[in-house]
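What follows is a structure written as structure tokens; I'll ask about it next.
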Amino acid sequence: MSSLLNNYARKKISFVRGKGCYLYASNGKKYLDFVQGIAVNSLGHCHDHLVKTINNQSKKLWHVSNAFTILEQERLAKRLTQNSFADYVAFQNSGAEATELAIKVARRFFYYKGNPKKNRILCLNNSFHGRTLATIFASNNKKSIEGFAPKVDGFDHFNFADHKGLEKAITSKTAAIMVETIMGEGGIKVIPDYCLKGLRKLCDKKNILLILDEVQCGIGRTGKFFAYEHAGITPDIVPIAKGIGGGFPIGACLMTKRVAACMGPGSHGSTFGGNPLATSVGNAVLDQVLKKGFLKNVQTIGNYFQEQLKNIQSEFPKVIKEVRGLGLLVGIRVGVDQTLFIKKLLDNKLLTIKAAENVVRLLPPLNVKKENIDQAIVILRKVCKTFK
Ligand SMILES: *Cc1c(COP(=O)(O)O)cnc(C)c1O
């Protein structure tokens with residue numbers, strides 16, 4: 001009997017070691033890992049540079065309070081701003097904290113501007129922004145909010161692709177629109193570039209802040225450092241987490257100078273956020289992701305992966321209904337039982353993870369080799385055959 005809270009339907013399998021694309025289980029078997037902690041291990045398991053960095057830093061300094069200047073944190077913030085729309089960064093420990101800070105900043109901005117009633121955030125139905133009280137009610141997905149009343153107020157919602165519904169939902173009280181640039185848990189739903197452009201225009205016209213949640217799709221996952229870059233727009237606030245830590249828990253909220261002015265000393269804090277150990281690892285992740293050619297390679301291999309998946313789709317159109325995603329943020333919508341499909345992949349030593357809309361997510365590390373993609377394709381094709 002496990003003493004763990006039963007809040008996950010955990011699989012029996014457990015892993016004792018990982019290297020790159022591979023996980024080694026306590027049952028002695030080796031698995032191709034296309035979950036990578038849900039887009040967290042951007043460089044795969046136990047990347048040499050990350051191992052060295054964390055070893056070295058662990059002998060120097062782990063944690064000091066944010067009451068002092070933390071050099072590794074300064075450096076990571078500088079690099080994030082130099083490579084994005086942002087001018088300022090606040091470090092957190094998780095995606096939910098990062099999105100919740102984005103919400104706080106948006107509310108505070110209009111308070112600071114003398115318009116405290118402009119404090120509501122407009123979000124997509126069935127999105128995913130985390131599991132804190134505020135973020136579940138921002139996400140507005142039935143399963144996540146069930147039993148957690150009273151509802152946290154301050155969020156309004158519209159449906160994916162419902163342009164008219166979006167315009168209708170905007171009021172004089174709307175402070176920000178918050179969406180995931182690509183919906184992850186929601187089923188790898190890419191918001192088209194023209195919609196993101198339209199969203200930016202709408203926000204400018206109505207004096208509304210644009211928050212793009214890039215916790216899952218940011219830090220190179222789509223082949224650009226940030227997913228919003230594909231649309232050629234700039235947001236006002238961007239929460240990130242997952243990929244920036246490469247497996248170490250880090251979250252951060254990025255914002256423009258204009259917005260940041262509302263957050264003075266004492267307005268927000270985090271005991272652990274941005275400590276020397278975490279931010280040294282974050283810097284080590286950026287050493288790799290920002291290397292010349294790295295992101296280009298994510299695009300190339302991501303395109304190759306999706307082409308191969310589309311080939312399987314045309315061979316088994318009843319099993320694979322649709323290939324979704326951008327770069328290495330990839331999902332396949334299956335026309336068969338999703339749980340069974342994932343189990344069959346697992347039985348063939350390929351680890352994948354579900355998302356909404358019957359989508360199976362395929363999230364290799366960003367430095368995945370072509371041969372590992374080919375290996376996954378062989379397994380996927382084999383499993384599709386069993387459904388014929
Ligand atoms: C995972 C995720 C979060 C929440 O991150 P946690 O670290 O689990 O709190 C928020 N937003 C998006 C888009 C995510 O994918």
Side-chain angles (χ1 to χ4, degrees), residues 5 7-8 10 34-42 90-106 121-141 143-145 148 152 155 157 160 176-191 196 199 210-222 226-228 235 237-254 270 272-274 278 281-282 285 324-331 352-357 359-363 366:
L5 184 67
N7 61 329
Y8 274 97
R10 295 180 177 88
F34 275 26
V35 179
Q36 293 293 338
I38 315 190
V40 163
N41 308 316
S42 1
F91 287 103
Q92 307 285 114
N93 312 285
S94 68
E97 281 178 305
T99 50
E100 187 143 337
L101 177 52
I103 294 161
K104 285 180 71 177
V105 171
I121 318 286
L122 183 52
C123 307
L124 275 167
N125 278 314
N126 294 314
S127 54
F128 189 82
H129 299 293
R131 298 290 199 137
T132 62
L133 275 172
T135 56
I136 58 173
F137 287 101
S139 307
N140 206 29
N141 133 356
K143 256 199 198 153
S144 306
I145 61 178
F148 296 118
V152 174
F155 301 100
H157 297 92
F160 189 85
I177 296 176
M178 176 166 77
V179 298
E180 297 159 74
T181 319
I182 296 176
M183 293 175 80
E185 304 302 309
I188 314 291
K189 286 161 77 137
V190 181
I191 301 183
L196 286 171
L199 211 49
L210 179 59
I211 305 172
L212 294 178
D213 180 345
E214 297 233 359
V215 169
Q216 191 160 154
C217 62
I219 315 298
R221 183 49 60 183
T222 67
F226 288 98
Y228 67 76
I237 305 172
V238 169
I240 60 169
K242 296 194 167 89
I244 181 65
F248 200 93
I250 310 180
C253 187
L254 283 61
S270 167
F272 293 122
V281 178
V285 170
R324 294 178 174 180
L326 200 56
L328 287 170
L329 186 57
V330 180
T352 59
I353 192 147
K354 69 177 180 181
E357 301 191 349
V359 167
V360 176
R361 272 179 291 180
L362 303 159
L363 305 167
L366 303 184

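All ligand and atom numbering here is 1-based and tracks the order in the structure.
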Do me a favour and list the nearest non-hydrogen protein atom to atom 11 (N) of ligand 1 with residue, atom name and distance?
Asp213 OD2, 2.8 Å
Atom CZ of Phe272: over 12 foreign heavy atoms under 6.0 Å:
no
Is it true that Gln92 and Ser270 share a donor-acceptor pair across their side chains at a distance under 3.5 Å?
no
Nearest non-hydrogen atom to atom 5 (O) of ligand 1 belongs to which of Gly95, Gly186, Ser94?
Gly95
Suppose I only count heavy atoms of Gly130 and a 4.0 Å limit; which atoms of ligand 1 are within that range?
4 (C), 10 (C)
Of all protein heavy atoms, the one nearest atom 12 (C) of ligand 1 is Phe128 O, 3.3 Å
Specify the closest pair of heavy atoms between Ala138 and Cys123, including all atoms of both residues, with the distance to one decimal.
O-CB, 3.3 Å
Where do Phe160 and Met183 come nearest, in terms of heavy atoms and distance?
CD1-SD, 3.4 Å
May I ask you to identify, for Glu180, whether its side chain, its backbone, both or neither come under 4.0 Å of ligand 1 on a heavy-atom basis?
side chain
For ligand 1, note which part of Lys242 has a heavy atom under 4.0 Å away: side chain, backbone, both or neither.
side chain
Under 4.0 Å from atom 8 (O) of ligand 1, is there at least one protein heavy atom?
no
What residues form a salt bridge (Lys or Arg N to Asp or Glu O under 4.0 Å) with Glu357, not counting sequence neighbours?
Lys189, Arg324
Does ligand 1 come near enough to Glu185 that some N or O of the ligand is less than 3.5 Å from an N or O of the residue?
no
